[in-house]
Participant: 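Dropping a structure here in structure tokens format, bear with me for questions.
Atoms within each ligand, like the ligands themselves, are counted from 1 in listed order. For this chain, numbers begin at 1 and follow the sequence in order.
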Amino acid sequence: MTISPRTLPPAPLENDTVPTPKPDADFLGRLALRRSTKVAHLEAPGPDAETISAILRIGARVPDHGKLGPWRFIVLEGDNRANLGSAMANLLRTRDGLSDEQRLAQEEARFLRAPVVIAVVSSPVDSPKVPEWEQVLSAGAACYNLLLAAQGFGYGGCWLSEWVSYDRDALAILGLSPHEKLAGLIYLGTTNEPLVERPRPQAESRVTYWRG
Ligand SMILES: Cc1cc2nc3c(=O)[nH]c(=O)nc-3n(C[C@H](O)[C@H](O)[C@H](O)COP(=O)(O)O)c2cc1C
């Protein structure tokens, strides 16, 4: 079954009433069992243009101190994924003298591993009130919301960084300014393998209760 992006409620306007929390077993079940899809297990089809827009709309609906919107999204789809991969391979060839053809081919195919990739850019602004740390956290929330939104439309996703996120030349190719950082590359597509649980910390092992 596919869900049309038109099933989303229209975007509310400022001061419109939005739903008050109420018990929602389906929502909880999804969150309690949510799992990323390994990038190797993503394939076409990915979300179409209208669905990508809906996913981005939800991705942008995150807590954001000061209403700064300190993030932006760069969508990679179609041939642009191959073109970006070629540019990254060229960077390694010309700047680093990389000549290992297998590795270069791997770089050329980097963004072809999923039908759609959304780069989430942390783009903090100078604010007397909101520390940069909080703006960065908001970008992380946007990454996670993209994964949740994609799942709602029936797509798997994976949040990766890899070397390109930490290489200023690679980031410049992607279009980032020096003050920006890549919060994540969100690879989206159809999950083609059953999802299995990974080891994960039990919440209780990370919880204490401060009692005064
Ligand atoms: C900021 C961030 C960057 C990540 N980068 C990578 C990465 O480069 N390579 C990788 O294998 N996993 C990376 N991961 C982990 C994957 O997203 C991983 O598949 C995921 O955490 C699986 O857990 P889940 O099923 O609970 O979502 C990253 C996670 C985060 C939060």
Side-chain angles (χ1 to χ4, degrees), residues 26-43 46-47 55-56 58-64 70-76 81 84-85 87-89 91-92 96 98 103-124 132-171 173-174 176 179-207:
D26 189 49
F27 181 67
L28 288 174
R30 295 300 180 128
L31 287 179
L33 299 178
R34 182 209 59 80
R35 182 79 171 89
S36 298
T37 300
K38 286 189 168 73
V39 74
H41 298 159
L42 289 173
E43 65 178 18
I55 289 171
L56 291 169
I58 294 171
R61 196 176 177 81
V62 288
D64 161 18
W71 21 254
R72 60 190 185 90
F73 306 108
I74 302 171
V75 180
L76 300 167
R81 295 168 304 149
L84 182 62
M88 296 301 176
L91 170 67
L92 297 178
D96 301 347
L98 187 74
R103 171 76 203 286
L104 289 167
Q106 200 185 340
E107 289 307 330
E108 280 165 5
R110 173 169 300 281
F111 304 103
L112 293 171
R113 292 175 295 169
V116 174
V117 186
I118 301 175
V120 180
V121 181
S122 165
S123 195
E132 183 173 314
W133 166 238
E134 297 185 10
Q135 300 184 43
V136 172
L137 291 173
S138 184
C143 291
Y144 185 55
N145 247 27
L146 290 175
L147 289 175
L148 292 180
Q151 181 170 333
F153 284 107
Y155 296 100
C158 188
W159 178 352
L160 300 183
S161 47
E162 304 179 319
W163 72 270
V164 293
S165 295
Y166 300 103
D167 185 304
R168 278 322 316 180
D169 294 325
L171 293 174
I173 290 170
L174 192 54
L176 270 67
H179 79 286
E180 295 181 314
K181 288 186 178 151
L182 201 52
L185 291 157
I186 310 298
Y187 287 75
L188 300 177
T190 298
T191 300
N192 65 13
E193 285 282 328
L195 295 174
V196 293
E197 183 57 331
R198 68 168 173 90
R200 61 177 76 238
Q202 298 299 308
E204 279 304 313
S205 73
R206 298 292 196 276
V207 178

Participant: Taking 4.0 angstrom as the limit and counting only heavy atoms of Arg200, give me the atoms of ligand 1 inside it, by number and element.
Facilitator: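 Once the distances to Arg200 are compared, the set is 24 (P), 25 (O), 26 (O).
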
Participant: Out of Leu147, Leu33, Val196, Leu160, whose heavy atom sits nearest atom 9 (N) of ligand 1?
Facilitator: Leu160

Participant: For atom 23 (O) of ligand 1, which protein heavy atom lies nearest, and how many Å away is it?
Facilitator: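 Answer, as residue, atom name and distance: Arg198 NE, 2.8 Å.
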
Participant: Which distance, rounded to the nearest 0.5 Å, do you find between the OG1 of Thr37 and the CG of Leu188?
Facilitator: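 If I round to the nearest 0.5 Å, the distance is 9.5 Å.
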
Participant: Nearest protein heavy-atom contact for atom 14 (N) of ligand 1: which residue, which atom, what distance?
Facilitator: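 Among all protein heavy atoms, the one nearest atom 14 (N) of ligand 1 is Trp159 O, 3.3 Å.
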
Participant: Just jot down the ligand 1 atoms closer than 4.0 angstrom to any heavy atom of Arg35, in number order.
Facilitator: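 So the atoms of ligand 1 that pass are 22 (C), 23 (O), 24 (P), 25 (O).
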
Participant: Given side chains that start at C-beta, do those of Val121 and Leu182 come closer than 4.5 Å, heavy atoms only?
Facilitator: yes

Participant: To the nearest 0.5 Å, what is the distance between CD (Gln106) and CZ (Arg113)?
Facilitator: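 Result: 8.0 Å between the selected atoms.
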
Participant: So, taking the atom named SG in Cys143 and the one named CG in Leu185, what distance separates them when rounded to the nearest 0.5 Å?
Facilitator: 8.5 Å

Participant: When rounded to the nearest 0.5 angstrom, what is the spacing between CG in Leu137 and CD in Glu132?
Facilitator: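 If I round to the nearest 0.5 Å, the distance is 10.5 Å.
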
Participant: Quick one: OG1 on Thr191 to NE2 on His41, what's the gap to the nearest 0.5 Å?
Facilitator: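 Output value for this atom pair is 10.0 Å.
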
Participant: Lys38: heavy atom below 4.0 Å from ligand 1, yes or no?
Facilitator: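 Lys38: no contact with ligand 1 (<4.0 Å).
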
Participant: Using a distance threshold of 4.0 Å (strictly less than), state whether atom 18 (C) of ligand 1 has a protein heavy-atom neighbour.
Facilitator: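 Flag for atom 18 (C) of ligand 1 set to false, no protein heavy atom closer than 4.0 Å.
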
Participant: So which heavy atom in the protein is nearest atom 3 (C) of ligand 1, and how far is it from that ligand atom?
Facilitator: Ser161 OG, 3.7 Å

Participant: Whether Lys38 and Glu193 form a salt bridge (side-chain N of Lys/Arg under 4.0 Å from carboxylate O of Asp/Glu) is what I want to check.
Facilitator: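 No, no charged N to carboxylate O under 4.0 Å.
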
Participant: Pull out every atom of ligand 1 sitting under 4.0 Å from any heavy atom of Glu162, numbered as shown with elements.
Facilitator: 8 (O)

Participant: For atom 20 (C) of ligand 1, which protein heavy atom lies nearest, and how many Å away is it?
Facilitator: Ser36 OG, 3.8 Å

